[in-house]
Amino acid sequence: MTAEAACEVVCVVGARPNFMKIAPIMAAFRDQPIAAKLVHTGQHYDPAMSDSFFEQLGIPRPDVNLEVGSASHAVQTAEIMRAFEPVLDAERPRAVLVVGDVNSTIACALVAAKKGVKVIHVEAGLRSFDRAMPEEINRVLTDQISDLLFTTERAALDNLKREGVAPERVHFVGNVMIDTLRGHLDRAVPAATTLGGKPARGYAVVTLHRPSNVDNPEVFRALLETLGQVARQVDVVFPIHPRTRATAERFGLSALLAQPGIRLLPPQGYLEMLGLTRDATVVLTDSGGLQEETTALGVPCVTLRENTERPITLSEGTNTLTGPEPDKILQCFADILATGGKRGRIPEYWDGRAAARIAEFLRSWLDADKQRN
Ligand code: UD1
């Protein structure tokens with residue numbers, strides 16, 4: 001093997017929602033085989049936000065950890081770029097593969113594109129059409145500089161065409177995060193174990209961390225008061241993101257986290273969260289991933305946002321958008337308690353084989369690329 005062939009693809013992860021996406025891709029690369037190395041930017045670094053996912057999902061230890069940690073968007077993105085460039089110089093891969101829409105995604109894609117290294121984006125083409133979301137900026141820009149774009153739902157291709165991305169670069173392969181869900185469902189930790197017994201009256205899983213919900217004290221307060229109302233009818237199980245806890249303290253809202261019926265948990269491992277979600281009466285969230293996971297599991301989901309970049313969870317899945325208004329949330333919650341919520345069906349290609357499709361396609365793409373150069 002030549003030195004250049006030692007690493008064909010550098011894969012990048014940085015933040016919690018990346019880990020369940022990269023796990024099946026690394027496994028499929030081993031099967032193909034595709035020679036890959038894994039770079040962790042260190043955007044998320046707490047053991048509960050990072051290490052536990054590597055252990056539970058069997059992700060190989062990162063070959064490199066850039067250890068950038070937390071900072072403003074500009075500083076975090078810049079630090080990742082600065083630290084990633086020498087890795088590319090040393091590895092000289094044919095391509096860099098990024099997943100999702102976090103700051104690590106755009107930072108590493110940009111470094112690669114400027115160095116003439118091909119960029120592969122997994123979960124391309126999703127759009128909330130809300131540029132106030134930091135992730136939307138990351139999505140649009142990453143897709144513009146990607147050479148190969150793998151999508152999770154068909155609407156993504158329309159979004160990309162509208163932005164001038166050549167359709168021949170875009171490949172509909174399905175959802176790698178759902179590969180992970182399917183592959184681990186039988187090992188999910190039952191909610192009764194995590195909660196020390198399943199609440200007899202049922203429970204709602206809540207997650208909240210989007211700046212639009214937790215960075216404005218009025219919005220955040222109203223949301224927490226609404227959770228207090230929900231907790232009158234079912235237990236509220238709330239694995240709280242570190243930034244949400246810190247913001248609640250800063251705004252003097254900590255007492256609302258201690259309302260009767262609300263059970264705060266630290267960030268959960270993948271298998272614990274999967275079990276909590278599977279066994280829940282309802283999920284209330286502003287997460288992107290949970291909207292898809294609830295659709296795959298057939299669990300009703302109330303999305304506390306005005307928009308979603310994952311419209312198939314609305315049209316085919318179990319998801320309903322309410323935004324952050326208390327009345328809308330409580331109405332939707334009441335409907336779900338009364339009717340059991342939307343039935344939903346499993347979207348096309350959310351079948352546990354998305355990563356295998358990616359690896360198969362990439363193997364021939366890399367071989368063709370080798371012949372061209
Ligand atoms: C990031 C992603 C978001 C994703 C979320 C999942 C961007 C723009 N945002 O948001 O899309 O949904 O991850 O969690 O990339 N912190 C810790 N420990 C950690 C990591 C973070 O305590 O291991 C705290 C720090 O106070 C940090 C804050 O969380 O400042 C925000 O972390 P950051 O990675 O900047 O963004 P997230 O809000 O986690």
Side-chain angles (χ1 to χ4, degrees), residues 12-22 39-55 62 65-81 83-84 98-110 121-124 126-128 130-142 177 180 205-216 220 238-251 264-270 272-273 277 283 285-294 301 303-305 307-310 313:
V12 175
V13 288
R16 183 169 61 178
N18 294 161
F19 305 134
M20 41 293 240
K21 295 171 192 165
I22 213 70
V39 173
H40 189 331
T41 66
Q43 178 175 343
H44 285 175
Y45 44 84
D46 283 346
M49 301 287 284
S50 179
D51 299 358
S52 84
F53 292 83
F54 281 77
E55 287 153 22
N65 192 320
L66 307 179
E67 296 183 348
V68 295
S70 302
S72 70
H73 284 262
V75 170
Q76 187 177 61
T77 308
E79 288 298 331
I80 296 169
M81 291 180 68
F84 187 57
V98 295
V99 296
D101 54 16
V102 301
N103 287 344
S104 302
T105 308
I106 177 62
C108 294
L110 192 49
H121 187 202
V122 175
E123 202 188 79
L126 296 181
R127 296 291 180 268
S128 66
D130 175 4
R131 295 271 170 115
M133 272 184 97
E135 294 81 4
E136 182 74 354
I137 314 257
N138 295 341
R139 292 181 198 115
V140 170
L141 298 182
T142 302
M177 202 184 60
T180 296
V205 168
V206 172
T207 80
L208 269 183
H209 73 286
R210 296 261 162 244
S212 59
N213 281 335
V214 304
D215 286 0
N216 175 320
F220 194 11
F238 189 177
I240 191 163
H241 189 291
R243 89 187 289 276
T244 305
R245 189 189 279 276
T247 313
E249 277 165 26
R250 190 154 44 88
F251 292 158
L264 282 194
L265 302 179
Q268 295 294 294
Y270 182 78
E272 288 78 8
M273 193 64 191
T277 307
V283 171
T285 188
D286 58 11
S287 149
L290 266 173
Q291 294 173 55
E292 296 185 333
E293 288 165 338
T294 46
C301 181
T303 294
L304 311 171
R305 290 172 42 192
N307 50 56
T308 179
E309 61 287 340
R310 301 161 205 270
T313 62

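In listed order, ligands and their atoms are each counted from 1. Residues take their numbers from the sequence shown, with the count starting at 1.
- Closest to atom 8 (C) of ligand 1, if we only count protein heavy atoms, is N103 OD1, 3.2 Å.
- Counting protein heavy atoms only, atom 9 (N) of ligand 1 is closest to E135 OE2, 3.5 Å.
- Taking all heavy atoms of R245, R16, H209, R243 into account, the minimum distance to atom 4 (C) of ligand 1 is reached by H209.
- With S72, P211, A48, P242 as candidates, the residue nearest to atom 22 (O) of ligand 1 on a non-hydrogen basis is P242.
- When non-hydrogen atoms are compared, ligand 1 lies under 4.0 Å from the side chain of P17 (C-beta onward) but not from its backbone.
- Ligand 1 places these atoms under 4.0 Å from at least one heavy atom of R210: 11 (O), 12 (O).
- Checking each of E123, E293, E135 against R310 for a salt bridge (charged side-chain N to carboxylate O under 4.0 Å, His left out) leaves exactly one that passes, namely E123.
- Every residue was checked against the side chain to side chain donor-acceptor pair (under 3.5 Å) condition with R245, not counting sequence neighbours, and none meets it.
- Remark: R243 engages D215 in a salt bridge, criterion side-chain N to carboxylate O under 4.0 Å.
- In this structure, the side chain to side chain contact (heavy atoms under 4.5 Å, CB included) partners of N138, at least two apart in sequence or on a different chain, are N103, I106.
- In this structure, Q291 contributes its side chain and S287 its backbone to a donor-acceptor pair below 3.5 Å.
- Considering only non-hydrogen protein atoms, atom 18 (N) of ligand 1 sits nearest to D46 OD2, 2.8 Å.
- In terms of protein heavy atoms, atom 2 (C) of ligand 1 is closest to V102 CG1, 3.7 Å.
- Contacts between H44 and ligand 1 below 4.0 angstrom, taking non-hydrogen atoms only, involve backbone and side chain alike.
- The protein atom (non-hydrogen) at minimum distance from atom 35 (O) of ligand 1 is Q76 NE2, 3.6 Å.
- The protein atom (non-hydrogen) at minimum distance from atom 25 (C) of ligand 1 is S70 OG, 3.4 Å.
- Considering backbone and side-chain atoms alike, Y45 places an N or O below 3.5 Å from some N or O of ligand 1.
- Using a distance-only test at 3.5 Å, with no hydrogens or angles considered, a donor-acceptor pair links the side chain of Q76 to the main chain of G69.
- No option in F84, F53, Y45, F19 other than F19 meets the ring-ring contact (aromatic ring centres under 6.0 Å, His included) test with H40.
- At least one donor-acceptor pair closer than 3.5 Å links the side chain of H121 to the backbone N or O of G100.
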